[in-house]
Asks: 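Got a structure here, written out as structure tokens. Questions coming.
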Amino acid sequence: MKPVAGGRQVTRATERELEVLDRILACEGALMPSSSFVSAVMDRVCEESAAPPPLGFPWRRVWAPGALVAGLLGWSLIELLRSLPAAADSLARHAGSSATLAQAQASIASVALALAAPLLAWLVARRFADGPGLF
Amino acid sequence: MIVAPKLAQAQAAGKTDPDRASVERVLGGDVEAFAEIVRRWQGPLVNMAWRYCRDRSRAEDMAQEAFVRAWRGLASWRRESNFSTWLFALAANVYRNELKRVPTGTVPMEDAGEPAVTPPQQEDLLRARDCEAVRRAVLALPPRYREPVILFYFHEMDVSAAARTMRLPEGTVKARLARARELLRRRFPQLEAIAASKPGAAARAAEEVSP
């Protein structure tokens with residue numbers, strides 16, 4: 001092909017290729033579903049319609065223990081907030097004692113590690129299960 | 001040879017009135033009325049599924065699942081849109097998720113067979129094979145480009161219908177279609193040879209191919 005008007009010839013070539021693609025992909029023979037397709041679908045539909053409805057969440061059974069747990073958590077939080085100033089004073093008084101400070105730091109470190117370990121394990125498991133991405 | 005009705009004819013036959021009447025009966029408790037919907041739309045849904053996976057038995061399984069999901073969600077059909085639009089969008093969603101769960105056994109695009117240079121007496125037969133190679137190469141496209149191609153040709157080259165089925169803007173569908181065509185054109189540079197060698201050869205070869 002002589003590149004006399006290179007751009008026009010390239011465009012014509014591209015248009016021919018597109019037409020060929022269109023003809024190939026558009027002119028497909030149609031598939032006839034098998035004779036048992038409708039009955040297979042209706043069997044499943046009838047099975048589902050005959051099944052009992054799914055059970056609803058048992059809100060009535062859950063509200064009492066739920067309220068108890070919420071109450072306990074709330075009470076714990078209030079007690080924690082009340083004791084924070086006293087704990088801060090105590091810590092300030094004993095700040096000079098390096099042994100107490102080291103003990104406090106070790107406790108904080110172990111609590112932080114205990115909280116971080118499950119999170120880390122979950123992240124690794126997600127990575128292995130689904131590939132990139134956290135969610 | 002029995003040929004399933006083309007999509008446009010099926011859509012014309014299954015207008016909103018018969019679909020709406022069937023849906024109202026189903027929602028009123030007549031389970032058997034759903035069989036009318038299945039009979040009316042089994043062809044298009046099975047054909048759409050086949051374009052997604054190119055496996056007859058899997059296509060029927062996927063279409064069956066789509067109908068069951070349609071049964072479960074029939075009450076969610078908003079009457080302002082066509083029943084076919086709602087059904088195709090639901091089916092496309094089912095097929096997409098099914099293929100994510102169990103991908104088709106396709107080779108990567110780079111390894112898909114190329115159209116070959118052939119002796120003249122075998123040209124028609126091998127063009128049919130080449131056409132099938134192009135169709136299978138569509139399945140090897142990245143999913144975001146594959147689905148617009150599948151639905152565009154399923155809807156007889158109607159961009160707006162494909163966009164409605166995918167629930168995407170038309171511009172997005174057009175852009176993805178253009179990109180998909182570019183990828184296919186790069187993968188099959190010898191398509192021009194098929195087009196240039198004999199007028200109408202590609203169309204004849206395409207028409208001869210049937211599952």
Side-chain angles (χ1 to χ4, degrees), chain A residues 1-57 122-123 125-135, chain B residues 1-7 26 29 31-32 34-35 38-39 42-47 49-51 56-57 59-61 63-68 71-72 130-132 134-135 138 149-150 152-154 156-157 181 184-185 188-189 191-192 194-196 200 202-203 205-211:
Chain A
M1 186 180 289
K2 290 181 185 176
V4 174
R8 278 210 306 275
Q9 285 176 338
V10 167
T11 303
R12 257 186 259 129
T14 304
E15 283 173 0
R16 273 206 297 275
E17 287 164 2
L18 291 179
E19 286 172 10
V20 170
L21 269 175
D22 285 337
R23 275 181 270 148
I24 290 171
L25 294 174
C27 300
E28 283 215 51
L31 202 66
M32 197 68 168
S34 60
S35 53
S36 58
F37 181 79
V38 175
S39 57
V41 172
M42 290 311 295
D43 284 345
R44 279 191 63 184
V45 164
C46 292
E47 203 177 293
E48 286 213 6
S49 67
L55 294 172
F57 189 78
W122 178 74
L123 288 173
R126 289 282 307 182
R127 180 84 189 189
F128 279 119
D130 296 330
L134 292 179
F135 301 101
Chain B
M1 186 176 79
I2 298 171
V3 177
K6 281 186 181 263
L7 179 59
V26 171
V31 177
E32 289 305 318
F34 192 70
V38 178
R39 274 188 216 102
Q42 58 175 328
L45 253 61
V46 169
N47 275 281
W50 184 65
R51 285 170 186 259
R56 189 197 173 97
S57 63
E60 291 208 353
D61 288 344
Q64 196 182 107
E65 181 62 28
F67 274 117
V68 171
W71 153 260
R72 287 179 198 151
D130 296 341
C131 291
E132 187 60 22
V134 172
R135 290 176 190 136
V138 169
V149 172
I150 289 171
F152 176 68
Y153 291 104
F154 172 72
E156 294 166 356
M157 300 171 69
R181 287 176 167 193
L184 286 170
R185 187 168 48 82
F188 295 102
L191 281 177
E192 188 189 345
I194 296 173
E207 283 159 10
E208 282 162 13
V209 173
S210 58

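Bear in mind that the values here come from a model prediction, so they are computed numbers and not experimental data. Within every chain, numbering begins at 1; the chains are lettered A, B, ... in the order of the sequence lines, protein sequences first and strands thereafter.
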Asks: Pair V38(B), V45(A) - check side chain to side chain contact (heavy atoms under 4.5 Å, CB included), show working.
Replies: CA-CA 11 Å; V38(B) 178; V45(A) 164; over 6 Å; no
Asks: Identify the two heavy atoms, one from A40(A) and one from Q64(B), that lie closest to each other, and give their separation to 0.1 Å.
Replies: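 Answer, listing the atom of A40(A) first, then Q64(B): CB-NE2, 3.4 Å.
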Asks: Taking the side chain as everything from C-beta on, heavy atoms only, tell me whether M157(B) gets closer than 4.5 Å to L25(A).
Replies: no
Asks: For the CZ atom of R51(B) and the CG atom of L31(A), what is their distance to the nearest 0.5 Å?
Replies: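 If I round to the nearest 0.5 Å, the distance is 10.5 Å.
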Asks: What part of S39(A) gets within 4.5 angstrom of chain B, counting heavy atoms only: side chain, backbone, both, or neither?
Replies: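 Interface part for S39(A): neither.
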Asks: Report the distance from atom CZ of R72(B) to atom CD of E48(A), rounding to the nearest 0.5 Å.
Replies: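 Rounded to the nearest 0.5 Å, the CZ-CD separation comes out at 4.0 Å.
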Asks: Closest approach of M42(A) and V31(B), non-hydrogen atoms and distance?
Replies: CE-O, 3.4 Å
Asks: For F37(A) and E60(B), work out which heavy atoms get closest and say how close.
Replies: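 So the minimum-distance heavy-atom pair works out to CE1-O, 3.3 Å.
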Asks: To the nearest 0.5 Å, tell me how far I24(A) CD1 sits from Y153(B) OH.
Replies: 9.5 Å
Asks: Taking atom SG of C46(A) and atom CH2 of W71(B), what is their separation to the nearest 0.5 Å?
Replies: 7.5 Å
Asks: Hey, could you give me the CZ/CE distance between R56(B) and M32(A), rounded to the nearest 0.5 Å?
Replies: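 With rounding to 0.5 Å, CZ (R56(B)) is 9.5 Å from CE (M32(A)).
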